[in-house]
Amino acid sequence: MSGERSTSARDVFRAPKGTHDILPPASRRFSGFVDAFSGRADQFGYGLVVTPIFEHLEVFLRVGESTDVVTKEMYEFDDKGGRRLALRPEGTASVVRAFVEHRPTEPWKVWYSAPNFRYERPQKGRYRQHWQVGAEVIGSPDPDLDIEVIDLATGFFAALGLSRVRLKLNSMGDAESRAAYIGRLRAFLEPHVSTLGDDFGRMLANNPLRILDSKDPAVIDVVERAPQLPEHLSAEASAHFEQVQEGLQALGIPFELDPRLVRGFDYYTGTTFEFAAESLDAAQDAIGGGGRYDGLAAEMGGPAVSGIGFGIGIERALLACDAEGVFAVPAAPLDVFVIDRRIDVAGTAAAVILHELRVEGLTAEKAYGGRSEKAQWKLAARHEARFTVVLDSSAAELIVRERSTGEEHTVPRELVVGWLYERASGSAIPSGGLQGRRP
RNA sequence: GUGGCCGUAGCUCAGUUGGCUAGAGCGCCGGGUUGUGAUCCCGGAGGUCGGGGGUUCGAAACCCCUCGGUCACCCCA
């Protein structure tokens with residue numbers, strides 16, 4: 001059999017497996033999330049970086065050739081020019097590639113909001129296309145930056161209203177201490193291969209650190225007695241890690257040391273961290289994570305500089321917000337709704353008022369398609385319009401109803417835009433606005 | 001990729017051992033009442049019962065395949 005599937009029209013004209021559409025009004029929450037992150041990143045001095053959603057395959061191979069994300073889950077394809085490309089499975093590699101390519105001034109502090117793609121079996125909080133916001137700093141090993149990015153993320157969660165997010169912290173050590181530790185770990189675990197099976201043996205050969213993260217009770221039992229990562233750091237790596245912890249304490253950011261925290265990408269060195277939402281099931285409770293990466297830029301042909309960053313999964317973080325009942329983003333009330341009472345009269349009067357209001361920056365809406373007056377009032381209510389303007393057959397004067405007070409005013413047509421602007425914004429239209437320009 | 005559970009209207013669901021024209025609430029549309037938009041009342045639209053095949057006189061229901069969701073594993077955001 002070929003790998004091709006036959007798909008009916010019904011199957012094809014829907015979002016592909018593991019993907020989802022984000023529609024209004026729910027999308028308001030999505031954009032609000034990104035806006036909140038953008039605002040905080042801006043405050044911390046991070047600029048937006050936008051990279052392609054696909055890169056040359058090699059960019060992502062740097063994520064780690066023994067990781068599932070790269071070996072099993074990547075969307076790889078050849079383009080018509082024969083290039084080997086892949087859809088971005090995670091955020092950091094692309095950003096480091098952009099750094100290497102453009103060589104901006106260091107430290108380079110950037111944030112992003114972008115979709116990632118992984119071919120895996122979907123579940124709740126786990127999608128083939130999921131969105132992340134994240135931040136990266138490339139070009140400085142300063143532990144203050146470890147502290148800064150963690151502060152950025154922690155405060156962001158707090159700004160969303162999340163209170164049940166745990167910060168787990170670990171250090172992978174620098175290249176030397178990491179290699180030395182892997183040697184010790186391997187020596188310790190080797191004798192257990194016979195009892196723990198082939199998968200264990202394979203993992204031990206390919207990526208022994210990942211064994212530390214195992215959920216298999218039998219493996220955990222062994223791992224608990226294994227040498228621990230933080231006890232085998234070089235003096236330098238240890239001092240760096242100490243300083244990060246002191247900094248977090250000084251900022252009042254609670255964290256817990258997790259010596260078995262090993263993140264899924266190979267490039268991490270030194271500080272690693274993960275944010276776990278206590279309100280979510282363990283399967284999707286990792287709502288963000290990151291760490292320091294010393295060798296990544298050099299591996300892409302750039303300078304041997306260190307970087308640090310994190311990614312936060314938007315869908316999962318929003319699930320956590322749901323679970324905690326926070327971060328509702330209600331629709332902003334409309335300033336003005338225009339009701340056209342002259343449904344039997346063809347004309348542009350309502351459209352013209354709408355236009356003039358919008359020119360002045362007010363939010364304004366009307367009904368479409370010759371709806372009944374009652375239906376129009378209902379729509380105005382649904383929009384929570386602060387003011388409703390009723391357009392009658394006498395075009396010279398309009399009735400304006402103020403929702404909060406229930407008061408009705410009769411306002412001459414030529415003054416109504418200015419009148420509404422003043423009431424809605426609390427000040428007069430600057431520079432006279434549209435007055436007198438009415439057709 | 002492996003295994004379990006699930007799939008009926010836009011949404012949440014009911015539908016008895018297989019048997020009338022497949023229902024309800026919410027939402028949507030129209031109308032009525034009302035101190036113009038709440039409440040309340042009346043009416044309407046909307047369904048290839050996820051899709052295909054099979055069993056049967058008869059399938060939303062039973063069987064097989066498939067697509068999708070969900071849970072566990074794996075992995076991760």
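Throughout, protein chains are lettered first and strands after them, A, B, ... in sequence-line order, and every chain is numbered starting at 1.
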* **Given B/G37, B/G31, B/U36, the nucleotide with the shortest approach to the side chain of A/Arg403** => B/G37
* Considering heavy-atom distances to RNA chain B, does A/Glu315 or A/Lys72 have its closest nucleotide positioned more toward the 5' end? -> A/Lys72
* Asked: Taking NE2 from A/His383 and C1' from B/U36, how many angstroms apart are they, rounded to a whole number?
  -> 17 Å
* Structure fact -> Per atom distances to the A/Tyr127 side chain, the nearest of B/A77, B/U36, B/C71 is B/A77
* Among the nucleotides B/A77, B/U36, B/G31, which one has an atom lying closest to any side-chain atom of A/Phe265? -> B/A77
* Asked: Does some side-chain heavy atom of A/Ser163 sit less than 4.5 Å from a side-chain heavy atom of A/Glu324?
  -> yes
* So, does the side chain of A/Arg371 form a donor-acceptor pair with the base of B/G30 at under 3.5 Å? -> no
* Applying a 3.5 Å limit to both distances, which nucleotide forms a Watson-Crick or G-U wobble pair with B/C5? -> B/G69
* To do: Could you check which of B/A72, B/U36, B/A38 has an atom nearest any side-chain atom of A/Lys378?
  => B/A38
* To do: Consider the side chain of A/Ala385, meaning its heavy atoms from C-beta on, and name the nucleotide among B/C76, B/U33, B/G37 that approaches it most closely.
  => B/G37
* Which part of the nucleic acid, if any, lies within reach of A/Ala283 when heavy atoms closer than 4.0 Å are counted: base, sugar-phosphate only, or nothing? -> base
* Side-chain N or O of A/Arg263 closer than 4.0 Å to phosphate OP1/OP2 of B/A77 -> yes
* **A/Arg84/A/Glu76 ion pair, N-O < 4.0 Å** => yes
* To do: Among B/G37, B/C76, B/C71, find the nucleotide with the atom closest to the side chain of A/Arg118.
  => B/C76
* Asked: Is there a donor on the side chain of A/Gln129 or the base of B/A77 sitting less than 3.5 Å from an acceptor on the other?
  -> no
* To do: Examine B/C75: is either OP1 or OP2 under 4.0 Å from a nitrogen or oxygen in the side chain of A/Arg210? Give yes or no.
  => yes
* Asked: Could you give the CG-to-P distance, from A/Asp68 to B/U2, as a whole number of Å?
  -> 15 Å
* To do: Answer yes or no: are there more than 12 heavy-atom neighbours, outside A/Phe54 itself, under 6.0 Å from its atom CZ?
  => no
* To do: Would you kindly give the CG-to-C1' distance between A/Leu280 and B/C76, to the nearest whole Å?
  => 14 Å
* Could you tell me the separation between the OH atom of A/Tyr119 and the P atom of B/C76, rounded to a whole number of Å? => 19 Å
* OP1 or OP2 of B/G37 less than 4.0 angstrom from a side-chain nitrogen or oxygen of A/Gln376, does that happen here? -> no
* Of the candidate nucleotides B/U70, B/C74, B/U36, which contains the atom at the shortest distance from the side chain of A/Pro122? -> B/U70
* Identify whether any heavy atom of A/Ile312 sits under 4.0 Å from a base atom; if not, whether one sits that close to sugar-phosphate; answer base, sugar-phosphate or nothing. => nothing
* Asked: Contact class for A/Gly406 vs. all strands (heavy atom < 4.0 Å): base, sugar-phosphate, or nothing?
  -> nothing
* **P gap between B/U12 and B/G54, integer Å** => 32 Å
* Asked: Roughly how far, to the nearest 0.5 Å, is the CG atom of A/Leu162 from the OG1 atom of A/Thr154?
  -> 11.5 Å
* Identity of whatever pairs with B/G44 - Watson-Crick or G-U, under 3.5 angstrom -> B/C28
* Residue met sooner reading RNA chain B from 5', once A/Glu402 and A/Glu73 are mapped to nucleotides -> A/Glu402
* Go through the N and O atoms of the side chain of A/Arg126 and the base of B/A77, and report whether any donor-acceptor pair is under 3.5 Å. => no
* Asked: With a 4.0 Å cut-off on heavy atoms, is A/Gly134 in touch with a base, just the backbone sugar-phosphate, or nothing at all?
  -> nothing
* Structure fact -> Applying the 3.5 Å cut-off to both distances, the Watson-Crick or G-U partner of B/U55 turns out to be none
* Any A/Arg128 side-chain heavy atom under 4.5 Å of A/Pro122 side chain -> yes
* Asked: Does B/U36 have a Watson-Crick or wobble mate here (both distances under 3.5 Å), and if so which one?
  -> none
* To do: Quickly work out the A/Lys374 NZ to B/U36 P distance and round it to whole Å.
  => 13 Å
* Go through B/G31, B/G1, B/U36 for me and flag the one nearest to the A/Glu408 side chain. => B/U36
* Asked: Nearest to the side chain of A/Arg121 - B/U2, B/G32, B/A77?
  -> B/U2
* To do: Show the numbers, then the answer: is there a ring-ring contact (aromatic ring centres under 6.0 Å, His included) between A/Trp131 and A/Phe33?
  => CA-CA 11 Å; A/Trp131 288 77; A/Phe33 187 99; over 10 Å; no
* Asked: Would a 4.5 Å heavy-atom cut-off, applied to side chains only, mark A/Tyr293 and A/Glu136 as touching?
  -> yes
* Asked: OP1 or OP2 of B/G68 sitting under 4.0 Å from any side-chain N/O of A/Lys17?
  -> yes
* Asked: Taking only side-chain nitrogens and oxygens of A/Thr388, does any of them come within less than 4.0 Å of OP1 or OP2 of B/G37?
  -> no
* Asked: Got a donor-acceptor pair under 3.5 Å from the side chain of A/Arg316 to the base of B/C76?
  -> yes
* Asked: Got a second to check how far A/Arg166's CZ is from A/Glu256's CD, nearest 0.5 Å?
  -> 4.5 Å
* Please state whether the base of B/G37 and the side chain of A/Arg382 form at least one donor-acceptor pair under 3.5 Å? => no
